[in-house]
Amino acid sequence: MIDYKAYAEAMDSYVHKMIDIMDADSPESREAVEIPCKFLGIAHVSVKRYETMLEKKNNTPCESFPLYNKADRDEEQRLDYTDINDVGNPVEFTFMPHKGVVWDQEDKKAVHVFQRLLRIHFARIRTKKLAENYMYKDREMDFYNLAYYMNTINRLIREERAIEYNTCRFNMQRMGYINMLLGRKRSSELLERYVKMLKSKLGAESVVARIGGDNFICVYKKEYQKTVEEHMSGIHIIYNEDTGESIRLTAYAGYYFLTRDTEDANEVMDDVSMAVAQAKNDRFRSQIFFDDTLIEKLNHKKMVETMFPEALEKKEIKVFYQPKIQLDSYQMIGAEALSRWIHDGKMMPPDSFIPILEQSMAICKLDFYMLEHVCRDIRRWIDEGKNPVKVSVNFSRKHLTDEHFLNNIVQIVNMYDIPRDYIEIELTETTKDLDYEGLKKLVTGLQEAGISSSIDDFGIGYSSMNIIRDLPWKVIKIDKSFLPKENDDKQYTVLKHLIGMATELGLDCIVEGVETNEQVELIKQDGCGLAQGFYFDRPLEVDSFEDRLMNPRIIENKKVSNEEENKNE
C-alpha cells in the first residue's frame, strides 16, 4: 500500500530539484529522478524520442537516453508509456522495477503520474531552451516565436484567464506549388502578408507565433473563433500589382479551446498539434477541433495501426468482388477487388481503416496482399474450369516512390501463372501531390508488360488533364459523385462531356456507384458502355462471386426485369 504522504514528499522534492535544471540528460537531472525512483522501487527509466508514429511502430533507431539505471532490474514487469511531446513527436518512457519488487495497480498509477511529470519537465526544458536560443522573436519573419506563445499560455493560466481564449495551430496548404509558381522570395512575402492579415483581425490581446517554415500558432479571444476559421478557409492575396493577379492561400488548422482545467502550455501544444495533424490527413476537412470525437478517432487510429499487421497474418482481410457490367448485354465482363476486414465476426467498414492506412506506407502492404489473393483466386478458377473475368486491383500512389513497384506487380502475377489480361491496376486520381514522371513510367511499364491500368475516381482529384492525354491508360472510371441528382442539368452536362472525352480518346469508360435504372439509362444514352454499382451487385464474397462466374444468366435476369418494368410503366 502506498504511503501517499511520503509519495507526495518524494514528488515535491523531485519537482523542486527540476525547477532550475536545463538538461534532461544531466547528472543533476538524474539526481532529481533518483528520489521518486527509490520510493517507487524503480530500477530503470529510459526515454526514446521518435519523429513519427510510423518510426515508433517500426522501432526505427532514434534519439534515446537512460535517466536512471540499476543492474538488478526486472524486465518482465516493464511499463511502457507513449506520449506526444510539445512539438508533436512520439516519446516512449520505459520503467522497470528492481527484482523482487511487485507493482500492484496503485503502484502502476503512481509510476504513470511520475511519467507525466517527466514529460512536463522535459517539455518545460525544451521551452526554456527555445526562449534562450531565440528569445521571443522569429529570426526570419516579423512574428513572435514559439517560446513567446508558450509563455503567453502559461501566463493566461496563472492569471486564471485561460477560459477566455482559444488557440489555433495552422500549416499552409500547397506552399510547394506556390514556391514553384512564384519563387521562394515572393511566396515568403505572401505567406507573411497572410499571417499579418490574420493578426490584424484578432485584436490587441492576440498572439500569432511562427513555429517554423509555414507552420504557425495563435491564441486569441473566443469571440474571434469564426474570424479565424474564415481566414483559414482561404483569402485571395494580390501578388502582381500591375496585372491584379492574385492567389488564394488556405491552411490546415487544428483548434483547442482553453478551459479553467487547462494545466499548462505543453498540454495545449500537445492537443492542438494532434488536431492539426488530423486535419492534414483528413480527406474531407482541413480544420479539426480537439474534442472527445477527435480523441475517439485517434484511439481508433492507434487501434487500426496496431491490429493491422496481425490482421494480414491471420488473413482477417478478405477480398470481395464487385461485378462490372457491359450495358448493351447486361453481362458481367469484369470485377473490382475490394478489401473487407472481418474481425471477431464483425466487418469493419472500409472507410474506418483504409484512410488510416493511407496515411502511412501500411497501405502498400494491403495493396500487394490484395493482388496476391486475387491472383490466387484467378489461378484456382482457371484450374477448376471456371471462366474468370478481368479483375482490377487498387493501388495507392504511395508506391510510386518504390523503384521496384512495377517488377513486384509482374512478379506476383507470374508467380501464379496468371494470363496478364486478367489483371488491371487501378490508381486513384485523388491525390494532392502528383509524381507525374513516376506515374508515367509505371503506366507505360504496365502497358509494355501486357497489364492494363485504369484511373479511379476520375474528375474529383487534383491532377492535370495531361495525365489523361499523355499516359497510356486503358480505362477511366468516373466517380459516382458525377451522377446527376434530380433535375441537375449542370451535373448531367459535366457527366456527358466526361464520358464523351473518354470515348473520343479511345478509352473504355465505366461509371461507378450506379444505383437506379434511371442512372443506367442515362449513362447508356451518353455513350458509356460499362457500369458498376449496387444496382447490379454489392461487393460479393468469393463464393457468391463464383456463382456469377458460373451463371451469367443471373446478370441477364437484371436486363429482363428492367425491360418488364419499363413495359409496365
Side-chain angles (χ1 to χ4, degrees), residues 1-50 62-75 77-134 146-147 150-151 153-155 157-158 262-270:
M1 189 70 181
I2 292 179
D3 181 346
Y4 284 101
K5 182 178 179 181
Y7 173 63
E9 290 174 353
M11 289 301 178
D12 185 65
S13 176
Y14 162 72
V15 169
H16 277 84
K17 284 183 177 292
M18 288 296 291
I19 286 175
D20 296 318
I21 292 175
M22 290 296 296
D23 186 357
D25 188 19
S26 67
E28 293 82 4
S29 178
R30 292 191 180 91
E31 181 183 342
V33 167
E34 187 174 20
I35 299 169
C37 284
K38 284 184 175 180
F39 180 83
L40 294 168
I42 297 172
H44 173 86
V45 183
S46 60
V47 182
K48 290 182 179 180
R49 177 185 173 277
Y50 298 88
C62 64
E63 176 187 352
S64 64
F65 56 89
L67 290 176
Y68 188 72
N69 197 35
K70 299 296 181 182
D72 65 335
R73 60 182 180 269
D74 183 353
E75 298 187 5
Q77 287 196 73
R78 67 181 287 162
L79 295 175
D80 293 318
Y81 298 103
T82 298
D83 221 324
I84 304 295
N85 69 14
D86 55 306
V87 290
N89 301 120
V91 178
E92 184 180 80
F93 294 82
T94 297
F95 298 82
M96 300 178 195
H98 289 281
K99 290 181 180 178
V101 173
V102 179
W103 282 335
D104 60 19
Q105 289 302 313
E106 291 300 314
D107 294 326
K108 291 178 181 179
K109 288 180 182 179
V111 172
H112 196 187
V113 170
F114 180 35
Q115 178 265 324
R116 296 293 290 175
L117 281 172
L118 283 173
R119 184 189 73 80
I120 290 170
H121 281 132
F122 288 173
R124 179 176 172 275
I125 287 169
R126 278 190 299 272
T127 304
K128 278 189 172 183
K129 285 183 177 179
L130 278 172
E132 284 190 352
N133 292 336
Y134 300 103
L146 180 60
M150 302 288 274
N151 283 351
I153 296 294
N154 284 327
R155 175 176 56 79
I157 293 170
R158 288 195 306 271
T262 302
E263 295 181 357
D264 61 25
N266 299 298
E267 172 195 338
V268 175
M269 190 69 183
D270 287 350

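Keep in mind that what you see is a predicted model, and the values were worked out from it rather than measured. When a residue number appears, it is its place in the shown sequence, counting from 1.
- Between L117 and Y14 there is a side-chain heavy-atom pair separated by less than 4.5 Å.
- Looking at residues two or more places apart in sequence or on another chain, you find a side chain to side chain contact (heavy atoms under 4.5 Å, CB included) between D80 and R78, T94.
- Side-chain atoms of H112 do not come within 3.5 Å of backbone N or O of K108 as any donor-acceptor pair.
- Shown here for L40 and A110, the closest heavy-atom pair between the two residues is CD2-CB, 3.7 Å.
- Using a distance-only test at 3.5 Å, with no hydrogens or angles considered, no donor-acceptor pair links the side chain of W103 to the main chain of K109.
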Does the side chain to side chain contact (heavy atoms under 4.5 Å, CB included) test come out yes or no for N69 and V45, once each step is laid out?
-> CA-CA 6 Å; N69 197 35; V45 183; over 6 Å; no

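- Taking 4.5 Å as the limit, every side-chain heavy atom of D83 sits out of range of all side-chain heavy atoms of Y81.
- For the pair K48 and V91, the minimum side-chain heavy-atom distance is 4.5 Å or more.
- When atom types are taken as modelled, the side chain of D107 and the backbone of D104 share a donor-acceptor pair closer than 3.5 angstrom.
- Note that the CD1 atom of I42 and the CD atom of E34 stand 11.5 Å from one another [nearest 0.5 Å].
- For E31, the side chain to side chain contact (heavy atoms under 4.5 Å, CB included) partners two or more places apart in sequence, or in a different chain, are K17.
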Run the side chain to side chain contact (heavy atoms under 4.5 Å, CB included) check on E267 and M269 step by step: do they pass?
-> CA-CA 5 Å; E267 172 195 338; M269 190 69 183; over 6 Å; no

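- Partners of T82 according to the side chain to side chain contact (heavy atoms under 4.5 Å, CB included) rule, which considers only residues two or more places apart in sequence or in another chain, are K56, E92.
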Verdict with supporting geometry, M11 and F114, side chain to side chain contact (heavy atoms under 4.5 Å, CB included) = CA-CA 8 Å; M11 289 301 178; F114 180 35; 3.6 Å; yes

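- A heavy-atom distance below 4.5 Å is found between the side chains of L67 and L118.
- Scanning for side chain to side chain contact (heavy atoms under 4.5 Å, CB included) contacts around A10 gives I35, F39, with sequence neighbours left out.
- By the 4.5 Å heavy-atom criterion applied to side chains, R49 and F65 are not counted as neighbours.
- Using a 4.5 Å cut-off on side-chain heavy atoms (C-beta onward), M150 and V268 make no contact.
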Test side chain to side chain contact (heavy atoms under 4.5 Å, CB included) applied to V101 and H98, step by step | CA-CA 6 Å; V101 173; H98 289 281; 3.9 Å; yes

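- The side-chain hydrogen bond (donor to acceptor under 3.5 Å, both in side chains) test applied to S64 returns no partner, not counting sequence neighbours.
- Annotation: side chain of F95 is not in contact with side chain of H44 (no heavy-atom distance under 4.5 Å).
- In this view, Q77 and D74 satisfy the side-chain hydrogen bond (donor to acceptor under 3.5 Å, both in side chains) rule, not counting sequence neighbours.
- Nearest approach of A43 to D72, heavy atoms of both residues: CB-OD1, 4.2 Å.
- For the pair I157 and T262, the minimum side-chain heavy-atom distance is below 4.5 Å.
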